[in-house]
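By convention in this document, chain letters (A, B, ...) are assigned in the order of the sequence lines, proteins followed by strands, and residues within each chain are numbered from 1. When reading the values below, keep in mind they use all heavy atoms of this one structure, side chains included, and skip hydrogens, waters and symmetry mates.
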Number of protein chains: 2
Amino acid sequence: MEKELDEVDIFLLKSLQADAKTTAKEFAAQLNMSVSPIYERIKRLEQKGYIKKYVAILDKTKLNRSITCICQVSMRQHSEAFIDNFEKEIRKIEEVQECFHMAGEVDFFLKINIGSLEDYHYFVRTKLSRIENISVLNTTFVLKDIKNGTEISF
Amino acid sequence: MEKELDEVDIFLLKSLQADAKTTAKEFAAQLNMSVSPIYERIKRLEQKGYIKKYVAILDKTKLNRSITCICQVSMRQHSEAFIDNFEKEIRKIEEVQECFHMAGEVDFFLKINIGSLEDYHYFVRTKLSRIENISVLNTTFVLKDIKNGTEISF
DNA sequence: TCTGAAACGCACTGCCC
DNA sequence: GGGCAGTGCGTTTCAGA
């Protein structure tokens, strides 16, 4: 694998994951380059898959989803079919923002966004607990978002 | 609190958090409206804080940060000073993508992005464990990203 | 609050170095 | 691979309804 990214590419990636609205013109000024190489580098980074997509980050509180909680789920049986089914069902549940299949005692970690404790009750009763083969469900609530980013450091 | 968002606003917010590059013109076509109201609604949503920012989502694997793990940290003493200090120090550590102060037995959940298990060792030895007053550190590794979104449902 | 049109700036292309 | 100039498109503004 050859070296694919130079310092300029890395600068662009880091900048864009902080603020995707930065224009090629602004980058050109910051880097003392002209606009076209910036433009072509960004296009290349998109095409090669370094940049997956551009998204708007919304305000949870304003949208009445200010409560976050972490659910730790373990399964009764660990057959392939049950795990696949769990994944499929989880993907359908809108309250689930993140879900990871874990190594170790707990099988899945879920990050849930909801507006109230009543919503949580509704979520567990009508959605989560309807998935087959769940044995343990352990939920803890977030008191404070200390760091909640989309940026990856590299 | 008056009703701030109508169906069009909600449509725009949901669309933008899936793809921020959608143009006002495209929205206008989808909604059978002209461009200017779309434009002004989006500006309003930005100014009122519903939209916090626009970011590029990068590919972890391409950037050699394909390993994700969850660290559960508990503290020895729960004084305000220690908690504040932990928050301050965590914010500085680039490997930490998310950090939440939790209710319950475990004080903090951390989501970490790294490239190798060696990196994890380095992270724990030189960064995490240097923070004062940590008692328990329990790490589990992600086997598979089932759902890993920035979108919130509403 | 929407429509329509006009002005501007940036994204994007092609050519040159 | 980068600089420069031109074109088209989207953004932005504004009159009017």
### Query
What is the distance, rounded to the nearest whole Å, between atom CD of Glu46(A) and atom C1' of dA11(C)?
11 Å

### Query
Who pairs with Arg41(B) by salt bridge (charged side-chain N to carboxylate O under 4.0 Å, His left out), at least two apart in sequence or on another chain?
Asp6(B), Asp9(B)

### Query
Among all residues two or more places apart in sequence or in another chain, which pass the side-chain contact (heavy atoms from CB on, under 4.5 Å) test with Glu80(A)?
Asp84(A)

### Query
Is any NZ, NE, NH1 or NH2 atom of the basic residue among Lys43(A) and Glu40(A) found under 4.0 Å from an Asp or Glu carboxylate oxygen of the other?
no

### Message
For Watson-Crick and G-U wobble pairs within 3.5 Å on both distances, what is DNA chain D written in dot-bracket notation, | included for inter-strand pairing?
### Response
||||||||||.||||||

### Task
Not counting sequence neighbours, which residues clear ring pair (Phe, Tyr, Trp, His ring centres under 6.0 Å) with His101(A)? List them please.
Phe108(A)

### Query
For the pair made of CD1 in Ile38(A) and C1' in dA11(C), what is the distance, rounded to whole Å?
14 Å

### Message
If you count heavy atoms of other groups shown closer than 6.0 angstrom to CD of Gln30(B), is the number above 12?
### Response
yes

### Task
Apply ring pair (Phe, Tyr, Trp, His ring centres under 6.0 Å) to Phe11(B) and list each qualifying residue two or more places apart in sequence or on a separate chain.
none

For residues 50-59 of chain B, which side-chain N or O atoms pair as donor and acceptor with protein atoms under 3.5 Å away, sequence neighbours left out?
from	atom 1	to	atom 2	distance (Å)
Tyr50(B)	OH	Glu4(B)	OE1	2.9
Tyr54(B)	OH	Glu46(B)	OE2	2.6
Asp59(B)	OD1	Thr61(B)	N	2.8
Asp59(B)	OD1	Lys62(B)	N	3.2

### Message
According to salt bridge (charged side-chain N to carboxylate O under 4.0 Å, His left out), who are the partners of Lys127(B), at least two apart in sequence or on a separate chain?
### Response
Glu95(B)

### Task
With a 4.0 Å heavy-atom cut-off, tell me which residues in residues 9-32 of chain B come close to DNA chain C, sorted by residue number.
none

#### Entry: Rounded distance in Å - CG (Leu5(B)) to C1' (dT1(C))
16 Å

### Message
Can you build the contact string for nucleotides 12-17 of chain C? Use B for base contact, S for sugar-phosphate-only contact, and - for no protein heavy atom under 4.0 Å.
### Response
SB----

### Task
For dT1(C), take OP1 and OP2 only and decide whether either is under 4.0 Å from a side-chain N or O of Arg41(B).
no

### Message
Checking Asn138(A) now: which residues fulfil side-chain contact (heavy atoms from CB on, under 4.5 Å) with it, not counting sequence neighbours?
### Response
Gln72(A)

### Message
Using the salt bridge (charged side-chain N to carboxylate O under 4.0 Å, His left out) criterion, which residues pair with Arg91(A)? Sequence neighbours excluded.
### Response
Glu87(A)

### Task
Please report, rounded to the nearest Å, how far the P atom of dG2(D) is from the CD1 atom of Ile42(A).
13 Å

### Summary
Across all chains, not counting sequence neighbours, the side-chain contact (heavy atoms from CB on, under 4.5 Å) partners of Asp145(A) are Lys60(A), Val142(A), Asn148(A), Phe100(B)

